[in-house]
Amino acid sequence: MSAPAVDAGMRQRAVRTRSRVPLLSATAWQRLASPLVIVVVWQVASTTGLLPERLLASPLKILTTAAGLVQEGVLPEAIAVSLQRAVIGFTLGAVAGIGLALVAGLSRVGENAVDPPLQMLRALPLFGLIPLFILWFGIGETPKVALVALGVVFPLYLNTFSGIRGVDGRLAEVARVLRLSRTETVTHIVLPGALAQTLVGLRQSLGVAWLALIVAEQINADAGLGYMINNAREFLRTDVIVVGLIVYAILGLLTDALVRLLERRALSWRQNFLSR
């Protein structure tokens, strides 16, 4: 048989194999089973009157409301405003958290200067600072962004600092043998060694960022998902409230999935016991 014929046969088998691959694996269906059961029970309870709509709207009502909010442009506008606040606050907090962790992690002097005040600030209740932020920054965008940024700083600082200090000391010996400069040691050994822990802090900080944004947007806000939820509360619109909460959850899951994808690519060399 000629080589072109063999190649054609292999391509046909590959196409047939791909066509037999299910859209969702058995594990994915198992993970979807319990949420689907919850939604069905929820809908049945709402339809039969066991769950009054004034307490919680039915899934069908929530779906209809979400479609209406999208069609009216209310939901896309609220999402855009909230995303802008989240991106700005997260960026500022991430830069500050990682920068402070580098200062404290790479130097004993830096640790003694940076770590004590950060540990004291970390012990303060984050949402208890809202009145103070309003007094300092007014009622505009600044206190909302500042609250998100402050919430992001601590998980990233703690995890990055722990990752830097957790780098194997034998690698420092290798750097000395190779006569690497301090900058090269930090770039090629310390930072890659701390990357896994930093990514854990990144995932934690994203969760805190969305939580802080939910609270911040319900205080002296005139736009955003939090404002939409707070406004719906005044009119007992549980369907709109749930739509806003679901959007927050979806945004949180999407950002977490992005970090997990980054983690798989950046740490593709690492194997755990599940991959063996």
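Bear in mind the structure is a predicted one, so any value in this text is a computation, not a measurement. The residues of the chain are indexed from 1 along the displayed sequence.
- Residues F137 and V145 are not in side-chain contact: their nearest non-hydrogen atoms beyond the backbone lie 4.5 Å or more apart.
- Across all their heavy atoms, V208 and G151 have their closest contact at CG1-O, 3.3 Å.
- Residues L158 and R122 meet the side-chain proximity criterion, which asks for heavy atoms closer than 4.5 Å.
- Within the 4.5 Å cutoff, no side-chain heavy atoms of V243 are placed close to those of D239.
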**OP:** Show the numbers, then the answer: is there a side-chain contact (heavy atoms from CB on, under 4.5 Å) between W210 and T255?
**Re:** CA-CA 10 Å; W210 288 115; T255 51; 3.3 Å; yes

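- Between F161 and Y157, the ring planes lie parallel to each other; the angle is under 30°, not in the 30° to 60° tilted range.
- Electrostatic pairing of E111 and R108 counts as a salt bridge here, judged by a charged N lying under 4.0 Å from a carboxylate O.
- Under a 3.5 Å cut-off, the side chain of N159 and the backbone N or O of P155 do form a donor-acceptor pair.
- Expressed to the nearest 0.5 Å, how far CD1 of I79 lies from CG of L69 amounts to 9.5 Å.
- When the side chains of ILVMFWY residues are joined at heavy-atom separations under 4.5 Å, either directly or via intervening members, I229 and V74 end up in a single hydrophobic cluster.
- Annotation for V242 and W42: closest pair CG1-CH2, 4.2 Å, computed over non-hydrogen atoms.
- Between the CZ atom of R165 and the CG atom of L106 there is a distance of 8.0 Å, given to the nearest 0.5 Å.
- The main-chain N or O of A104 is never found under 3.5 Å from a side-chain atom of S107 such that the two would form a donor-acceptor pair.
- The two residues V152 and G93 make their nearest non-hydrogen contact at CG1-C, 3.6 Å.
- The line from CG of L129 to CG of L147 is 7.5 Å long, rounded to the nearest 0.5 Å.
- Listed here is the closest heavy atom pair of A212 and L126: CB-CD2, 4.3 Å.
- Residues L124 and L121 have side chains in contact (heavy-atom distance under 4.5 Å, counting atoms from C-beta outward).
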**OP:** Might you work through the side-chain contact (heavy atoms from CB on, under 4.5 Å) test for L258 and L254, ending with a clear yes or no?
**Re:** CA-CA 6 Å; L258 287 175; L254 288 176; 5.8 Å; no

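- Annotation for Q119: atom CD counts as buried by contact number, over 12 foreign heavy atoms lying within 6.0 Å.
- Contact detail for L202 and L156: the closest heavy-atom pair is N-CD2, 3.7 Å.
- Residues M228 and V240 approach most closely at CG-CG1, 3.9 Å, considering heavy atoms.
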Original post:
Could you go step by step and tell me if L60 and Q43 meet the side-chain contact (heavy atoms from CB on, under 4.5 Å) rule?
Top reply: CA-CA 7 Å; L60 289 178; Q43 180 63 46; 3.4 Å; yes

**OP:** Let me see the working for D256 and L206 under side-chain contact (heavy atoms from CB on, under 4.5 Å), right down to the final yes or no.
**Re:** CA-CA 7 Å; D256 185 73; L206 280 170; 5.5 Å; no

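- Taking CG of L213 as the reference point, atom CG of L211 lies at 9.5 Å (rounded to 0.5 Å).
- Using a 4.5 Å cut-off on side-chain heavy atoms (C-beta onward), P143 and W136 make no contact.
- With a 4.5 Å cut-off on side-chain heavy atoms, Y227 and V81 do not count as touching.
- Here the side chain of S82 pairs a donor or acceptor atom with the backbone of L225 at under 3.5 angstrom.
- Of the charged side-chain nitrogens involved, at least one lies within less than 4.0 Å of a carboxylate oxygen, so that R85 and E141 count as a salt-bridged pair.
- Taken from NZ in K61 to CG in L63, the straight-line distance is 11.5 Å, to the nearest 0.5 Å.
- Of the possible donor and acceptor atoms, none in the side chain of Q197 sits under 3.5 Å from a partner among the backbone N and O of G163.
- Counting non-hydrogen atoms of neighbouring residues, nucleotides and ligands closer than 6.0 angstrom, the CD atom of E234 exceeds 12 such neighbours.
- Distance CD1/I164 to CD1/I98: 9.5 Å, rounded to 0.5 Å.
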